[in-house]
Amino acid sequence: MRQTFFHGLAASALLGLAAPAAAQDLPEITLQAVAGSLGGVPMMIIEGENLDEKYGFDGTFEFLPHEGIFQNFLIGNADISMDNDLLGVAFAREEGFDITAFYPVGNLYLGIVVPGGSDAETPEDLKGKKVGHFGADSGTTMFIRLIVQEMYGFDVLEEYEMSQVGPAALVNLLAEGEVDAIFDFESFVSEAMVATDGRYLLQAYTDYAEFNNGFAPWITNMVAHGDWLKENPELAYAVRDAYDEAVAMLDDTDYEILRKPYIREKLGITSDEVLDMVIANGAANQYFTTDWSADKREAAMGFLDKLAEEGDVLETVPDGMMVALEDYVGPRP
C-alpha cells in the first residue's frame, strides 16, 4: 500500500529502512521481450507501474534483440518469455524442449497496408501487383498468407509479385512507390500509414476474427518451461495477474498510456504522428487480449493444423502447445 503522508520524521525513517528489505524478500523472476516490439508493451507497463511488486515478485525485465532472443529463453536465461509466437513453441517442442504457452499476449497487430491513393478495396485487387514483405517464412507473411487463402481463396505468394526487404525498409519501399502494398507489423504499420496517408487493406486480427466466428490466432504469447511452471505456480499466477492489469490499463486509457515516456522510449517512436497512429490502431483493433478460453485454445490448435497441412514451414503440431494454469499446475495457491 502506498502511503500519501507520514506522521513525523521517525515514521519516515522507519519506512525508508523497511522498504528495501521488503523488496529484497520478494521472489525474483526474469522476463524477456523483443526490444522495440509492440509485443513488449505489457511488460513495459508491468515494470514502469511497479506491478511486479504489487503482485508479489521482483521482476528483472530484459528487452533483447530479436536475433537470438528465443535461444536465450530456451537455454534458461529467462523464466518467462512475453513475446513468443506459437510457431516457435512448436519448433522447440519438436526439438525436445519442454516449453508451453500459458497465456495470450498480442492479437495480430499486422496486416496488408496500402497508400492513401490506392484503388484496392480487398486483397484480390492486388493480384499481379508488387507487394513488399520480409520473408515467406516469417510469421507475418505466413499468417497473412493463410488468412487470405481462407477468406479470398488464393495464394498471395503465387498471385502477387513479391519483393523482400526488412520490416523497417518496407516503409520506405511503400513511400517511394516501389510497391503497391506491404505486409508488416506495428509500429512499422503506423509508420507506413503516416508516410503514405495509408490504411489497412487487411487488418489480420479484426478482419479474420469477423470472418472466422470471433477467432484469430495470437501473434505473441506468454511462454515458460514446464518444470518452471510446476515448481513456481504462485509466481506464474502472479505474472498473469500483473499482465491482466497492464492490459486493463491499455483498455481503460484507449491505449493512451502508450504516451508515457518510458513506453515511447522503449518502442523507439520519435514521431508524434506515428505515436498517434499506433494508439488509434491499437484501440480500434484490440492489439492485446486476456482471452485464454478453452474454445480459443482449441481454435488456435486448428489454425496451426492448417499451417501444418501447408507443410511449407510447420509440418506437425506437437501436443502440449498450450495449457491453462488451472489445469497444468492446479488451482491458484
Side-chain angles (χ1 to χ4, degrees), residues 33-46 48-49 83 104-123 132 134 139-140 143-144 147 167-168 170-175 179-211 214 216-220 243-291:
V34 176
S37 165
L38 194 74
V41 164
M43 195 171 98
M44 297 173 196
I45 295 173
I46 293 172
E49 305 298 325
D83 203 0
V105 178
N107 286 321
L108 293 173
Y109 41 80
L110 55 94
I112 304 175
V113 179
V114 294
S118 174
D119 294 329
E121 295 182 0
T122 76
F134 57 94
T140 293
F143 282 133
I144 292 173
I147 287 169
L170 288 170
V171 176
N172 290 332
L173 212 62
L174 189 67
V179 294
D180 298 288
I182 59 173
F183 295 179
D184 220 333
F185 58 91
E186 286 287 16
S187 60
F188 300 121
V189 161
S190 290
E191 290 181 18
M193 289 180 178
V194 169
T196 66
D197 192 27
R199 57 185 167 86
Y200 271 123
L201 182 68
L202 174 80
Q203 206 295 313
Y205 169 69
T206 300
D207 292 340
Y208 187 58
E210 183 177 351
F211 170 82
W218 311 279
I219 189 169
T220 51
Y243 169 83
D244 282 348
E245 181 160 347
V247 173
M249 289 181 177
L250 284 158
D251 292 339
D252 291 346
T253 63
D254 286 333
Y255 282 66
E256 290 288 331
I257 194 173
L258 297 184
R259 297 192 191 279
K260 290 204 170 188
Y262 71 83
I263 298 177
R264 180 172 180 166
E265 180 180 350
K266 282 189 170 68
L267 286 177
I269 297 175
T270 58
S271 163
D272 291 339
E273 292 80 10
V274 170
L275 182 59
D276 290 343
M277 187 65 72
V278 173
I279 290 169
N281 284 335
N285 297 294
Q286 300 176 5
Y287 278 165
F288 296 98
T289 182
T290 59
D291 189 349

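Note that the coordinates shown come from a computational prediction; the quantities given were computed from them, not determined experimentally.
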| Do Ile182 and Phe134 pass the side chain to side chain contact (heavy atoms under 4.5 Å, CB included) test, and can you show the C-alpha distance, the side-chain angles, and the key distance before you say yes or no? | CA-CA 9 Å; Ile182 59 173; Phe134 57 94; over 6 Å; no
| request: Please determine which of Ile46, Val247, Leu258 meets the side chain to side chain contact (heavy atoms under 4.5 Å, CB included) test together with Val41. | output: Leu258
Drop me the distance from [X]'s [atom1] to [Y]'s [atom2], to the nearest 0.5 angstrom.
X      : Y      : atom1 : atom2 : value
Asp207 : Ile112 : CG    : CD1   : 9.5 Å
Thr290 : Asp244 : OG1   : CG    : 5.5 Å
Ile219 : Ser37  : CD1   : OG    : 8.0 Å
Arg259 : Leu275 : CZ    : CG    : 5.0 Å
Met44  : Ile257 : CE    : CD1   : 11.5 Å
Glu49  : Lys260 : CD    : NZ    : 3.5 Å

Taking all non-hydrogen atoms of both residues, which atom of [X] and which atom of [Y] are closest, and how far apart?
X      : Y      : answer
Ile45  : Leu250 : CD1-CG, 3.8 Å
Phe288 : Gly106 : CD2-CA, 4.0 Å
Leu202 : Pro123 : CB-CG, 4.3 Å
Ala216 : Leu108 : CB-CD1, 4.3 Å

Return yes if some donor-acceptor pair links the side-chain N/O of [X] with the main-chain N/O of [Y] below 3.5 Å, else return no.
X      : Y      : value
Asp254 : Ala283 : no
Thr220 : Val105 : no
Tyr109 : Gly39  : yes
Glu191 : Ala195 : no

| message | Within the 4.5 Å heavy-atom criterion, are Val113 and Asp184 side-chain neighbours or not? | response | no
| request: Please examine the side chains of Ser187 and Leu38, heavy atoms only from C-beta on, and report whether any two atoms are closer than 4.5 Å. | output: no
| said: Going by the rule salt bridge (charged side-chain N to carboxylate O under 4.0 Å, His left out), which residues pair with Arg199 if we only count those two or more places apart in sequence or in a different chain? | reply: none
| Can the ring centres of Phe143 and Phe183 be said to be less than 6.0 Å apart? | no
| query | Does Asp272 pair with Arg264 as a salt bridge, N-O distance under 4.0 Å? | reply | yes
| task | Count the heavy atoms of every other residue, nucleotide or ligand shown that sit under 6.0 Å from CD of Glu210, and state whether that count exceeds 12. | result | no
| remark: For Asn285, the side-chain contact (heavy atoms from CB on, under 4.5 Å) test, sequence neighbours excluded, returns Tyr200, Gln203, Thr206, Asn281, Tyr287
